[in-house]
J.: 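Below: one structure in C-alpha cells.
A note on names: the letters A, B, ... follow the listed sequences, proteins ahead of strands, and every chain is numbered from 1. Side-chain atoms are counted along with the backbone in the values below, which use heavy atoms only and exclude waters and symmetry mates.
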There are 2 protein chains.
Amino acid sequence: MYEIFFRKFNDRVGLTREEEELIKQFLTPKKLRKKQYLLQEGDVCKHVAFVEKGALKAYTVDEGGTEHIVQFALEGWTISDLYSFLTGEPATYNIDALEDAELVLISKSAHEELLQQFPKYETYIRLQITGAYIALQKRLTSIISQPLEERYSNFLALYPNIAQRVPQHMIASYMGLTPETLSRVRSRISARK
Amino acid sequence: MYEIFFRKFNDRVGLTREEEELIKQFLTPKKLRKKQYLLQEGDVCKHVAFVEKGALKAYTVDEGGTEHIVQFALEGWTISDLYSFLTGEPATYNIDALEDAELVLISKSAHEELLQQFPKYETYIRLQITGAYIALQKRLTSIISQPLEERYSNFLALYPNIAQRVPQHMIASYMGLTPETLSRVRSRISARK
DNA sequence: AAAAGGCATTGATTTATGTCAATGAAAATG
DNA sequence: CATTTTCATTGACATAAATCAATGCCTTTT
C-alpha cells in the first residue's frame with residue numbers, strides 16, 4: 001500500500017521506516033471507478049490526491065458544455081484543485097477518473113499538521129510543486145511559441161504513456177483544439193515523413 | 001534597501017530583525033538599465049531575481065525572430081529561468097528590463113544555504129512557488145477555455161498595472177497573438193459597450 | 001525643431017482552425 | 001453475441017486569426 005507514493009517521497013527526501021509509518025497515519029486510501037468524480041466544480045476541494053493506479057483528469061466545462069482538460073494524472077502524479085484546497089473557495093475544476101483508480105488522499109488538516117510537525121514533508125511538497133510549476137511553464141511556452149505540429153510532437157515525446165491510454169479527443173481538449181483539428185495535425189505529421 | 005523583498009517575506013513568514021539581517025548576508029543588489037539583459041538563452045541561469053523597482057520580461061525567440069513573452073515581472077515579483085537555475089542546464093529563456101530596474105539577486109549557493117540553515121526560507125519559497133503555480137494554472141486554463149475577448153478582459157482586470165506600463169504588442173505576445181489581432185480584439189470589446 | 005523609431009490601428013488577403021455532417025471501425029454494454 | 005456507444009477520420013463550408021502593407025501618432029533622439 002502507498003508503494004508509489006513512498007517511492008516518490010523517498011526519491012525526493014530520504015525517509016526511515018519510522019518516518020514512513022508516521023506519515024502513513026495522515027494518509028487515506030481511496031478507490032475510484034471509471035467516470036467517478038473526485039471533485040466537482042463548486043464544491044470545496046478537501047484533498048490532494050496522489051495516483052497509485054489508474055488515470056484521472058481535471059477540467060472545466062464551458063457554457064456550451066465543452067470540456068477543457070487542464071491536467072491529466074497517471075500513476076505517480078498528484079492532482080487537485082490547489083487553489084480551492086488552499087483557500088477553501090469553491091473549486092473551478094472538475095476531477096474524475098478516466099480509468100478505475102487507486103488514490104492516496106491528503107486532507108487539509110493532514111497537510112497542515114505534516115507541514116508543521118515534519119520538515120521533510122515541507123521539502124517534499126516544495127520539490128513537488130516546483131516540478132509541477134516548471135512543467136506547466138514549459139507547456140505554456142509551447143502553446144504561445146510553437147506551431148501545432150511541434151506542440152503535438154513534443155507532447156507525444158514527453159508523455160507517450162498518456163498518448164497511449166487517453167482518447168485523442170481528450171488530448172485535443174488538453175491542447176485547446178477540436179478533435180478534428182488534432183486529427184488533421186496528425187495526418188499532416190505522418191504525411192511529412 | 002530590499003524593502004519590498006522583506007515586506008513580501010514578512011507577509012508570508014514573520015521575521016525578527018535579527019533574522020532579516022541574517023538573510024541579507026545572502027542577497028545581492030543589482031541595477032539594470034532598460035533593455036539590458038539579466039539572462040540570455042544558452043547561458044546558465046545563476047540567480048533568482050526579485051524586482052524592487054522597474055519591470056522585466058522573460059521570453060523566447062523563435063526561428064523567425066519573433067519574441068514570445070512567458071512572464072512579466074513588476075515590483076514585488078520574482079523572475080528567473082527556474083529550470084536552468086535548479087538543474088544548471090542552459091537557459092531557454094531570455095530575461096531583460098522593460099524599464100530601468102533594481103533587483104535583489106539570490107545565487108544558487110545562497111539559495112541552497114538558506115534552504116539548509118533557515119527553515120523559514122524554505123517556507124517562503126514554498127509559498128512563493130505555490131502562488132506562481134496557481135497563477136500559471138489560471139493563465140493556462142484561460143488560454144484553453146476562454147474566448148479571446150474574455151481572456152483579454154481577464155488580463156486587464158488581473159494586471160491593470162502591467163497593461164498600463166507595457167506596450168500592447170508585448171501583451172499580444174504574452175497572450176500568444178499578433179499585435180494586429182489584439183488591436184482588433186480591443187476594438188470589438190469597446191464596440192460592444 | 002527636425003528626424004527617426006516605435007507603436008497602434010485599419011484594410012485587403014491568405015492561411016489556419018472551427019463547425020457541421022457523414023462514415024466506418026473499435027470498444028463497451030447488456 | 002448482438003447492440004449500442006464512443007471514437008477517429010474525412011469532406012465541405014464558415015469563421016477566426018495571421019500576414020502584408022500603409023497610415024498617423026507619439027516619443028525619443030539628435
J.: Can you tell me if the side-chain N/O atoms of B:Arg188 get under 4.0 Å from OP1 or OP2 in D:dT15?
T.: no
J.: Nearest to the side chain of A:Glu180 - C:dA21, D:dT6, C:dT10?
T.: C:dA21
J.: Once you apply a heavy-atom cut-off of 4.0 Å, does A:Gly176 come out as touching a base, just sugar-phosphate, or nothing?
T.: sugar-phosphate
J.: If you find the nucleotide of DNA chain D closest to B:Leu148 and the one closest to B:Lys34, which residue's nucleotide is nearer the 5' end?
T.: B:Leu148
J.: Rounded to whole angstrom units, what separation is found between the CZ atom of B:Arg186 and the C1' atom of C:dA8?
T.: 8 Å
J.: Show, in sequence, the C-alpha distance, side-chain angles and deciding distance for A:Asp96 and A:Lys57, and conclude whether the salt bridge (charged side-chain N to carboxylate O under 4.0 Å, His left out) test is met.
T.: CA-CA 6 Å; A:Asp96 64 21; A:Lys57 66 179 196 290; 2.9 Å; yes
J.: Between A:Glu149 (CD) and C:dT17 (P), how many Å, whole number?
T.: 8 Å
J.: Atom CE of B:Met175 to atom C1' of D:dA18: distance rounded to whole Å?
T.: 15 Å
J.: Rounded to whole Å, please give me the gap between CG in B:Leu98 and C1' in C:dC7.
T.: 15 Å
J.: Indicate whether OP1 or OP2 belonging to D:dA17 is found under 4.0 Å from a side-chain N or O atom of B:Thr181.
T.: no
J.: Between A:Phe26 and A:Tyr121, does the ring centre distance come in under 6.0 Å?
T.: no
J.: Of the options C:dT19, D:dA18, C:dT9, whose atoms approach the side-chain atoms of B:Arg184 most closely?
T.: D:dA18
J.: On DNA chain C, compare the nucleotides closest to B:Leu182 and A:Leu177; which residue's is nearer the 5' end?
T.: B:Leu182
J.: Between atom NE2 in A:His169 and atom C1' in C:dA27, what is the gap in whole Å?
T.: 13 Å
J.: Is there a donor in the side chain of A:Gln168 and an acceptor in the side chain of A:Ser183, or the other way round, less than 3.5 Å apart?
T.: no
J.: Please state how far atom CZ in A:Arg165 lies from atom P in C:dA27, giving the value in whole angstrom units.
T.: 16 Å
J.: For the pair made of CD1 in B:Ile171 and P in C:dC7, what is the distance, rounded to whole Å?
T.: 12 Å
J.: On a plain distance test, is the side chain of B:Gln168 in donor-acceptor contact with the base of C:dC7 below 3.5 Å?
T.: no
J.: Considering only NZ, NE, NH1 and NH2 on the basic side and carboxylate oxygens on the acidic side, decide whether B:Lys108 and B:Glu112 come within less than 4.0 Å.
T.: yes
J.: Would you kindly give the CD1-to-P distance between A:Ile144 and D:dA18, to the nearest whole Å?
T.: 13 Å
J.: Is A:Lys138 positioned over the aromatic face of B:Tyr83, cation under 6.0 angstrom from the ring centre and no more than 45 degrees off axis?
T.: yes
J.: Is A:Thr178 close enough to C:dG18 that one of its side-chain N or O atoms is under 4.0 Å from OP1 or OP2 there?
T.: yes
